[in-house]
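Report on the structure given below.
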Amino acid sequence: MLQHVLLPPARMSDFGIDVERDAGVAWISLRNRARLNAIRLEMWQTLPSLVRALDADPEVRVLVLRGAGEEAFASGADISEFATRRGDAASAASYEAVTAGAFEALLGVAKPLVAMIHGVCIGGGLAVAACADLRVAAADARFAVPAARLGLGYHLSGIERLVGLLGPSATAELFFTARQYDAEEALRIGLVNRVVPKGDLQAFTERYVVDIAANAPLTLRAAKRAIAESQRPDPERDRAAVARLISACFESGDYAEGVRAFLEKRRPRFRGI
């Protein structure tokens, strides 16, 4: 069932964030189709509480980010708002605090987070996609960070995420040239995990995430936390937290179910407990 999470009273159909839940998967759609799903301030403000609620929902195993319609994942922050909501250093700092909260919430999701990308994925849209654990792209996807053509300063945390994905040299080229990358080049540099024909994107992603959702939730949570900790400097790694999550796996009913299913040569039925 489709849930309209953000519906401003004055512009009921113009922009928002929609959620659909099916087979343990929450599909989160960025919607501002008149502007290629550009992300308005209200959408940035909505994301933290939305993703935290979905992360806490025991019926949700995987979260998927996507863009509404057929033309774009997201064309970035909505530039039409910049003069009024990002017009000087003070208002820009306030705006950046809101977007930072959205990115922090996305990065804090304990469950697998997948971005399904088609068409335009630029600027803030690419920054949102970079918060996902996995990125599946259609062959028509186009990626860019045009900050250097807008005169924007880019916050350190966003640069760090891209350096973690691409390395410093590829990140430098992405920012310095501000050019667009097609899907195959994005795959080559490690920006996306898979590229499929556009007509197959929805069906492929559905199979991809349903397979993930069928796996043991506690194992996925432990693996995701371990991956995140591995990216921190060694002295800052919370090894105890990872150890607790691993112990929870071995103490769970899911571990017993996984062993039984293997011995009985059947697919396990994991419950996350």
Side-chain angles (χ1 to χ4, degrees), residues 2-20 26-56 63-69 71-109 113 115-132 135 142-162 174-175 178:
L2 181 65
Q3 174 187 353
H4 293 282
V5 177
L6 174 64
L7 291 174
R11 303 177 66 182
M12 290 292 288
S13 62
D14 286 359
F15 66 88
I17 302 177
D18 303 322
V19 177
E20 295 176 90
W27 299 82
I28 304 166
S29 298
L30 305 171
R31 175 172 48 80
N32 185 4
R33 294 177 65 175
R35 302 191 65 82
L36 295 175
N37 298 327
I39 306 171
R40 292 179 60 89
L41 179 62
E42 293 88 347
M43 296 165 71
W44 290 117
Q45 291 169 329
T46 297
L47 270 170
S49 59
L50 170 63
V51 299
R52 286 172 184 144
L54 293 171
D55 198 27
L63 285 67
V64 181
L65 291 162
R66 63 181 175 182
E71 296 180 87
F73 176 79
S75 60
D78 194 332
I79 296 178
S80 69
E81 298 186 307
F82 282 15
T84 56
R85 289 175 159 174
R86 211 174 177 180
D88 54 32
S91 61
S94 177
Y95 188 99
E96 290 293 323
V98 173
T99 60
F103 295 134
E104 181 180 354
L106 290 168
L107 291 167
V109 172
L113 178 62
M116 185 183 87
I117 303 164
H118 64 279
V120 173
C121 182
I122 289 176
L126 194 156
V128 167
C131 293
R135 282 157 294 280
R142 303 189 305 281
F143 303 86
V145 178
R149 294 182 180 173
L150 295 170
L152 296 175
Y154 219 84
H155 46 81
L156 178 61
S157 59
I159 297 284
E160 286 176 333
R161 281 193 296 278
L162 288 168
L174 184 71
F175 277 88

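This chain uses plain numbering: 1 for the first residue, then up along the sequence. Please read these numbers as outputs of a predicted model, since none were measured by experiment.
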Exercise. Check L106 against C131 and note the closest heavy-atom contact, atom names and distance.
Key: CB-CB, 3.8 Å
Exercise. State the CG-OG1 distance between L41 and T99, to the nearest 0.5 angstrom.
Key: 9.0 Å
Quiz item: Where do L36 and A72 come nearest, in terms of heavy atoms and distance?
Solution: O-CB, 3.4 Å
Quiz item: Taking the six-membered ring of F15 as reference, does the NZ or CZ atom of R31 fall below 6.0 Å from its centre and within a 45° cone about the axis?
Solution: no
Quiz item: When you look at R35 and E71, which way does the salt bridge (charged side-chain N to carboxylate O under 4.0 Å, His left out) test go after all the steps?
Solution: CA-CA 10 Å; R35 302 191 65 82; E71 296 180 87; over 6 Å; no
Quiz prompt | Heavy-atom side-chain proximity of E20 to R66 below 4.5 angstrom | solution = yes
Self-check item: Distance-minimising heavy-atom pair for R135 and A129
Solution: NH1-O, 3.0 Å
Self-check item: Note, I17 side chain near W44 side chain (heavy atom, < 4.5 Å)
Solution: no
Quiz item: Between atom CG of L113 and atom CG of L65, what is the distance when rounded to the nearest 0.5 Å?
Solution: 5.0 Å
Quiz item: Do R161's NZ or CZ and the ring of F103 fall within the cation-pi criteria of under 6.0 Å and 45°?
Solution: yes
Practice problem: Check whether any side-chain heavy atom of F73 sits under 4.5 Å from a side-chain heavy atom of M116, and report yes or no. | Solution: no
Quiz prompt | Pair D18-L30, side chain to side chain contact (heavy atoms under 4.5 Å, CB included): steps then yes or no | solution = CA-CA 7 Å; D18 303 322; L30 305 171; over 6 Å; no
Quiz prompt | Nearest atoms (heavy-atom pairs only) where A38 meets N32 | solution = O-ND2, 2.9 Å
Self-check item: Closest non-hydrogen atom pair, V19 against L50
Solution: CG2-CD1, 3.6 Å
Quiz item: Measuring from E42:CD to D78:CG, what's the distance to the nearest 0.5 Å?
Solution: 9.5 Å
Quiz item: Any side-chain heavy-atom pair from V109 and L63 closer than 4.5 angstrom?
Solution: yes
Exercise. Can you measure from CG (L162) to OH (Y154) and round to the nearest 0.5 angstrom?
Key: 6.5 Å
Exercise. Looking only at non-hydrogen atoms, find the nearest pair between P146 and A178 and report the distance.
Key: CA-CB, 4.0 Å
Quiz item: Do V145 and I122 have side chains that get closer than 4.5 Å, going by heavy atoms?
Solution: no
